[in-house]
Enquirer: 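My questions will all concern the structure given below.
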There are 2 protein chains.
Amino acid sequence: MEYDIIMRLAQYKKVLIKLRSMGFIKVFSDNLSDALGISASLVRKDFAACRLTGKRRGGYQVNELIEKINLLLGVSGEQKVVIVGCGKLGSALLNYRGFENEQIKVVAGFDPNPQRQNKDSGIPVYPPEEMESFIKKHGVKVAVLAVPEDVALTMLEHLQSFGIRGVLNFTPAPMRSSAVCNVENVNLALEVEKLFYLISARKLRKENDPE
Amino acid sequence: MEYDIIMRLAQYKKVLIKLRSMGFIKVFSDNLSDALGISASLVRKDFAACRLTGKRRGGYQVNELIEKINLLLGVSGEQKVVIVGCGKLGSALLNYRGFENEQIKVVAGFDPNPQRQNKDSGIPVYPPEEMESFIKKHGVKVAVLAVPEDVALTMLEHLQSFGIRGVLNFTPAPMRSSAVCNVENVNLALEVEKLFYLISARKLRKENDPE
DNA sequence: TAGATTGTTAATCGATTAACAATC
DNA sequence: TAGATTGTTAATCGATTAACAATC
C-alpha cells in the first residue's frame, strides 16, 4: 500500500472515533473529505484500495471502518515501544501523554548513564547491556532513537540485530530504511529552519507581488 | 518556491558544510545527488529554481552555495525561537542541542506553572502573561507549541496576534497554516503508528508474495 | 421511481527523472 | 579540440481530483 495512505488512515480513524462518540452510525466520503481537507474522491479511493466498502446510498459504517482500519494499521492491542537514549528529549518521550490514546505503550528506556537508570518506579530505564535480552524477551518491534548523533548509526545496527523493525529517529543524522527495518526521521532543527524560510519567502512574495 | 525544495536546500547545506570542512572547493550535481539519494537532474533543477548557478565544466562553488542557501533560508544570524508550554517535552526542547548547529536560539519558554518558571539561570521560563510583551519586544517570529491539546488552538490564535509567523506544533491536534502564520505539525503518535503499520504491511507482503 | 452516494475510470496536476544541446 | 558538466526541455511517474455509470 502506498505510503501516504497510512497517514490518512490514522487521521480517518481519529475523526471516526470522534464521530462515533457523537453518535454517528454512518459517514459519507464527503464528511471525511471535509474533515481532512481533501477530495471525496480520494477518500473513496483510499477505502477501495484498503478494501473498505460502503453502500451506494448509505455511506460507510463508522464502527466497521474503525475496526478494519485498526487491523490494517497493525493495531492489535498494545503497541510496545522502547526509548533508546534517555537524555532530556528521551526522558520526555518516556512519559509522553500523546501516546496513550493511540494504544502505544512505552515499556522501557535504555541509557548508559547510571543516574538516568531506574528499575523500580514508573517506566524502567536500564543500562544498554540489558537492551538485547529485553527487546527479545518482550518481542519489541519499534524503538525511538534519541541518542547523541555520533552513536546513532551504530545503535541503529544494534537495534536491527536485536529484532527491532521500526525506528523513530530523533537524531539530526537522517538515516534510511533498510531491507528489514523502517526508519522515520524527525529532524526538529530542519522543521524550524523550514518555518524561517517560509516566513522570509512569504515576506519576499508580499514585497514583490503586492496584488 | 515549492515546499519540498526548502527541505532539500537545508539538506544540501548540511552536506556542503561537511564537504567544505573536508577541503572541497567545488561540487558537481552528481556529488550532491549521491549524498541525498536523488537524481542529479533534481539538484540542478533546484539550484536553477533558486538562481544558484554553476559553471558548465567546473561545477558549483561550495562557499558560494552555502552563503546563498543561507540567504534563501532566511538565515540572517541567530534565529530566535520561544517554547510555549514547558512540560516534559517543552523543557526538553528548551535545551535541545540539535538546534545549536543550525543557528537556532531558544530565547525563552512560557508556562503557567510557577514551578516550571525560572527567570534567572539558563534559558528563562516566564508566565504566560509576559508572552505578548516578550515576543513583541524581541521580535520573535517562530514558536514551538508544546501545550496540552485542549488549549492548542486558542494558544495558536494568541501567538498569531502577538506577531508569531511560524509554529512548530507538537500537540496531537493537527492545525492548518493561516494567511499570516505557517504551521508545521509534528505528530509523534502518528509517526509511531505509521511504523507499526509499515511493519505489519511488510510482514503481510512477505507472507503473500514470497518471491 | 427519483435521488443520492459509492466505486471506478479518465483527466489533471505536480514533482521527479531522462535526455541532450549549450558551453566552459 | 575533446571531454565533461551545466541548464533546460521533454518524458515519466505517482498522487490527487473530476466525472460519471452503477446501484442501493
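Order of the sequence lines sets the chain letters (A, B, ...), proteins ahead of strands, with each chain counted from 1.
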Enquirer: Parallel under 30°, tilted from 30 to 60°, perpendicular over 60°: which one fits the rings of Phe134(B) and Phe110(B)?
Expert: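 The arrangement is perpendicular - the two ring planes meet at more than 60°.
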Enquirer: Both Gly58(A) and Asp46(A) contact DNA chain D. Taking the nearest nucleotide for each, which residue is further toward the 5' end?
Expert: Asp46(A)
Enquirer: Nearest 0.5 Å, what's the CG-CG distance between Leu73(A) and Leu195(B)?
Expert: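 Here the interatomic distance stands at 12.0 Å.
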Enquirer: Going by the angle between their ring planes, with limits at 30° and 60°, are Phe162(A) and His158(A) parallel, tilted or perpendicular?
Expert: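 The arrangement is parallel - the two ring planes meet at less than 30°.
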Enquirer: Is any side-chain nitrogen or oxygen of Arg56(A) closer than 4.0 Å to OP1 or OP2 of dA21(D)?
Expert: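 Negative; the distance criterion is not met.
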Enquirer: Just call it for Arg51(B): base, sugar-phosphate, or nothing, with non-hydrogen atoms closer than 4.0 Å on any strand.
Expert: nothing
Enquirer: Categorize Gly54(B) for me: base, sugar-phosphate, or nothing, with a 4.0 angstrom heavy-atom threshold over every strand shown.
Expert: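 The residue Gly54(B) makes sugar-phosphate contact but no base contact.
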Enquirer: Counting a pair only when it is Watson-Crick or G-U and both distances are under 3.5 Å, which runs of at least 3 such pairs involve DNA chain D?
Expert: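 Consecutive-pair runs (3 or more) involving DNA chain D: C:3-24 with D:3-24.
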Enquirer: Could you give the CZ-to-P distance, from Phe47(B) to dT16(C), as a whole number of Å?
Expert: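 After rounding, the gap between these two atoms is 14 Å.
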Enquirer: Rounded to the Å, how far apart are Asp34(B) CG and dT5(D) P?
Expert: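 To the nearest whole Å, that distance equals 12 Å.
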Enquirer: Of the nucleotides dG7(C), dT5(C), dT6(D), which one has an atom closest to the side chain of Arg44(A)?
Expert: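 The answer is dG7(C), which lies nearest to the side chain.
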Enquirer: Whole Å only: how far is the CG atom of Leu52(A) from the P atom of dG7(C)?
Expert: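 Result: 9 Å.
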Enquirer: Return the value, rounded to whole Å, for the distance between atom NZ of Lys55(B) and atom C1' of dA22(C).
Expert: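 Whole-Å distance recorded here is 17 Å.
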Enquirer: For atom CD1 of Ile17(B), is the number of surrounding heavy atoms from other residues, nucleotides or ligands below 6.0 Å larger than 12?
Expert: yes
Enquirer: Rounded to whole angstroms, how far apart are CG on Leu36(B) and C1' on dT17(C)?
Expert: 15 Å
Enquirer: Does the side chain of Tyr60(A) get closer than 4.0 angstrom to OP1 or OP2 of dG7(C) through an N or O atom?
Expert: yes
Enquirer: The side chain of Leu42(B) lies closest to which of these nucleotides: dC24(C), dT17(D), dT17(C)?
Expert: dT17(C)
Enquirer: Please tell me which of the listed nucleotides, dT16(D), dT8(C), dG3(D), lies nearest to the side chain of Asp4(A)?
Expert: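 Closest nucleotide among those given: dT16(D).
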Enquirer: Is Gly59(A) touching bases, backbone alone, or none of the nucleic acid, heavy atoms closer than 4.0 Å?
Expert: sugar-phosphate
Enquirer: Which distance, rounded to the nearest 0.5 Å, do you find between the CG of Asn31(A) and the CG of Leu36(A)?
Expert: 11.5 Å
Enquirer: If you only use heavy atoms from C-beta on, which nucleotide in dC24(C), dT17(C), dG3(C) is closest to the side chain of Lys45(B)?
Expert: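 Output: dT17(C).
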Enquirer: Calculate the interatomic distance between Asn31(A) atom CG and dA4(C) atom P; express it in whole Å.
Expert: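 Whole-Å distance recorded here is 15 Å.
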Enquirer: Reckon Ser29(A) has a side-chain N or O less than 4.0 Å from the OP1 or OP2 of dT6(C)?
Expert: yes
Enquirer: If you count the non-hydrogen atoms of other residues, nucleotides and ligands that lie under 6.0 Å from NZ in Lys105(A), is the total more than 12?
Expert: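 Counting neighbours around NZ of Lys105(A), 12 or fewer heavy atoms of other residues, nucleotides or ligands fall under 6.0 Å, so no.
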Enquirer: Measure up the Phe47(B) and Tyr12(B) rings against each other and bin them: parallel (under 30°), tilted (30 to 60°), perpendicular (over 60°).
Expert: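 Correct class here is perpendicular.
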Enquirer: Figure out the CZ/P separation between Phe28(A) and dT23(D), and round it to whole Å.
Expert: 19 Å
Enquirer: Take Ala40(A) and Arg57(A), find for each the nucleotide of DNA chain D with the closest heavy atom, and name the residue whose nucleotide sits nearer the 5' end.
Expert: Ala40(A)
Enquirer: Ser41(A) side chain N/O closer than 4.0 Å to the phosphate oxygens (OP1, OP2) of dT17(D)?
Expert: no
Enquirer: Rounded to the nearest 0.5 Å, how far apart are CG of Leu190(B) and CD1 of Ile6(A)?
Expert: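 One gets 10.5 Å once the value is rounded to the nearest 0.5 Å.
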Enquirer: To the nearest Å, give me how far apart CG (Leu65(A)) and C1' (dT5(C)) are.
Expert: 14 Å
Enquirer: Given dT17(D), dT16(C), dT6(C), identify the nucleotide with an atom nearest to the side chain of Ile38(A).
Expert: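 Taking heavy atoms from C-beta onward, the closest nucleotide is dT17(D).
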